[in-house]
> 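If you scroll down you'll find the structure; I have some questions about it.
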There are 2 protein chains.
Amino acid sequence: MSDNPERSGPQAPQEPSLDEQIAAYQREFRDLDPQVEKVVSALGRLNRRMNVAYGRQLADLGISNAEWEVLKTLVLAGEPYRLGPGELAKRLGLTPAAMTHRIDRMAGEGLVTRDRDENNRVRVIVELTDEGRSKWLEAMRMATDFEEELLQDLTSDERGVLGEILIRLLRRVELTQPDAGGRLTDLD
Amino acid sequence: MSDNPERSGPQAPQEPSLDEQIAAYQREFRDLDPQVEKVVSALGRLNRRMNVAYGRQLADLGISNAEWEVLKTLVLAGEPYRLGPGELAKRLGLTPAAMTHRIDRMAGEGLVTRDRDENNRVRVIVELTDEGRSKWLEAMRMATDFEEELLQDLTSDERGVLGEILIRLLRRVELTQPDAGGRLTDLD
DNA sequence: CTTGAAGACTTCAACGCTAAAGTTCGAGGC
DNA sequence: GCCTCGAACTTTAGCGTTGAAGTCTTCAAG
């Protein structure tokens with residue numbers, strides 16, 4: 001359940017090996033710390049591969065990544081799984097215009113309903129259908145299985161260390177880039 | 001120099017805190033390992049924030065992420081910084097059609113040249129200009145500064161451990177998802 | 001020399017997204 | 001009650017991408 005936006009493309013890019021790539025960078029750019037570069041490149045590459053994997057699993061379920069994001073956001077909102085297009089757009093980092101179209105599609109597929117608010121007719125309410133919720137559940141099961149498999153080689157200690165370091169990095173990037181989507185208070 | 005594809009969107013998504021999000025998942029989905037989830041979510045979130053940061057820095061330089069990817073690929077190819085559109089497309093994971101248009105734009109901006117191969121007139125050669133190379137250098141400096149800053153709180157030991165664990169995960173995901181863009185032999 | 005087939009790139013239609021303009025409804029001043 | 005402002009969503013135009021069809025060149029065989 002990485003909540004990553006992503007692109008899987010026509011097919012995955014064909015990249016040089018990490019070591020080859022770092023060697024090439026050092027050749028073209030003298031002052032490069034190989035250790036830093038290794039961490040950053042591995043991080044990016046791992047994420048990309050994971051996103052390709054998520055995309056495939058979702059495709060098997062017959063839903064796109066865009067749809068998965070919406071389902072997830074509605075479920076995370078909790079019962080009764082309702083949000084307005086504007087709120088959805090804000091949480092997904094999309095424009096309201098894009099949400100309009102996404103909701104159109106998903107309503108057509110029966111994953112959500114879209115109705116005018118009775119009390120305020122300028123508002124629209126998007127609500128998860130039972131089918132939408134069960135698609136989410138299936139996707140969730142696939143995702144957690146995959147994640148379990150991904151981390152299978154790591155001991156519990158290693159998982160703990162990894163998580164702790166990543167959260168420190170997350171805090172750092174949110175200090176450095178205050179408007180990059182994070183809420184500083186979360187981690188303090 | 002993360003070589004991530006990315007989306008920065010109209011603005012970054014507004015997300016709940018990691019802990020809030022994991023708590024919500026546990027509420028809606030009973031059998032979830034919080035430790036696994038924490039690692040996976042932190043990984044995804046960190047990457048997204050980093051990509052937003054890269055995107056901003058590149059925008060300051062007046063180049064888009066798409067352009068950055070092309071510059072990087074040409075530099076990594078080494079002297080004389082030449083590749084055909086098809087090869088570029090393969091390395092970037094794009095369709096040849098998309099490459100055609102990207103190259104059009106970049107040639108218009110003077111970042112690359114685009115010529116027919118003298119010896120085989122069906123082939124096209126894209127070559128980095130001096131301006132393109134210097135843009136790449138500037139971007140590279142910004143990226144490495146940012147990466148150095150990102151990792152500033154980690155000791156050298158921690159960086160080593162992090163890198164090592166990430167590479168193990170990368171190997172695992174490439175075993176599990178053989179066609180996700182990696183080359184298995186790289187890591188063995 | 002002509003023809004057929006394969007390869008490399010480009011063109012075209014459709015799609016999803018952004019930014020900006022437009023529409024509709026609700027709320028507050030007068 | 002009317003008017004204007006603002007909020008929430010939709011529509012429109014433009015861009016970059018994909019997938020499929022099209023064009024042009026090369027190579028090899030007849």
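Each chain gets a letter, A, B and so on, in the order the sequences are listed, and its residues count up from 1.
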> Between B:Leu83 and B:Glu87, which heavy-atom pair has the shortest distance, and what is it?
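Closest approach of B:Leu83 to B:Glu87, heavy atoms only: CD2-CG, 3.8 Å.
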> Please list, in numerical order, the residues of residues 109-125 of chain B that have a heavy atom closer than 4.0 Å to any atom of DNA chain C.
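Heavy-atom contacts with DNA chain C come from B:Arg114, B:Val122, B:Arg123, B:Val124.
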> Nearest whole Å is fine: how far is C:dG16 P from A:Glu67 CD?
9 Å
> Listed by chain and number, what are the side-chain contact (heavy atoms from CB on, under 4.5 Å) partners of A:Gln26, not counting sequence neighbours?
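By the side-chain contact (heavy atoms from CB on, under 4.5 Å) rule, A:Gln26 matches A:Ile22, A:Leu32, A:Pro34.
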> Work out which heavy atom in A:Ser156 is nearest to a heavy atom in B:Gln35; give both atom names and the distance.
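Looks like O-NE2, 3.2 Å.
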> C:dC15, OP1 or OP2 - any side-chain N/O from A:Arg105 closer than 4.0 Å?
no
> Could you state the CD1-P distance from A:Ile103 to D:dA8, rounded to the nearest angstrom?
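Atom CD1 in A:Ile103 sits about 14 Å away from atom P in D:dA8.
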> If you check every side-chain atom of B:His101, which of C:dC17, C:dT18, C:dC12 has the closest atom?
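Shortest atom-to-atom distance from the side chain points to C:dC12.
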> Whole Å only: how far is the CD atom of A:Glu69 from the C1' atom of C:dG16?
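Taking CD of A:Glu69 and C1' of C:dG16, I get 12 Å after rounding.
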> Can you give me the closest heavy-atom contact between A:Ile103 and A:Val112, atom names plus distance?
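Looking at all heavy atoms of both residues, the shortest contact is O-CG2, 4.3 Å.
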> Using a 4.5 Å cut-off on heavy atoms from C-beta on, say whether the side chain of B:Leu88 contacts that of B:Arg102.
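B:Arg102 vs B:Leu88: side chains apart.
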> Near DNA chain C, under 4.0 Å by heavy atom, which residues of residues 78-88 of chain A?
none
> Using whole Å, report how far CE of A:Met99 lies from C1' of D:dT10.
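Distance, rounded to whole Å: 13 Å.
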> Could you work out which one of C:dT11, D:dT10, C:dT10 sits closest to the side chain of B:Pro96?
C:dT10
> Please find the pair of heavy atoms, one from B:Arg159 and one from B:Leu151, that lie closest to each other, and give the distance.
NH2-O, 2.9 Å
> Using the ring of each side chain (for Trp, its six-membered ring), is A:Trp136 parallel, tilted or perpendicular to B:Tyr25, with breaks at 30° and 60°?
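Parallel.
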> Could you state the atom-to-atom distance from CZ of B:Arg102 to C1' of D:dT18 in whole Å?
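So the CZ-C1' distance, B:Arg102 to D:dT18, works out to 13 Å.
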> Could you state the atom-to-atom distance from CG of A:Asp104 to P of C:dC17 in whole Å?
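Computing the A:Asp104:CG to C:dC17:P distance gives 12 Å.
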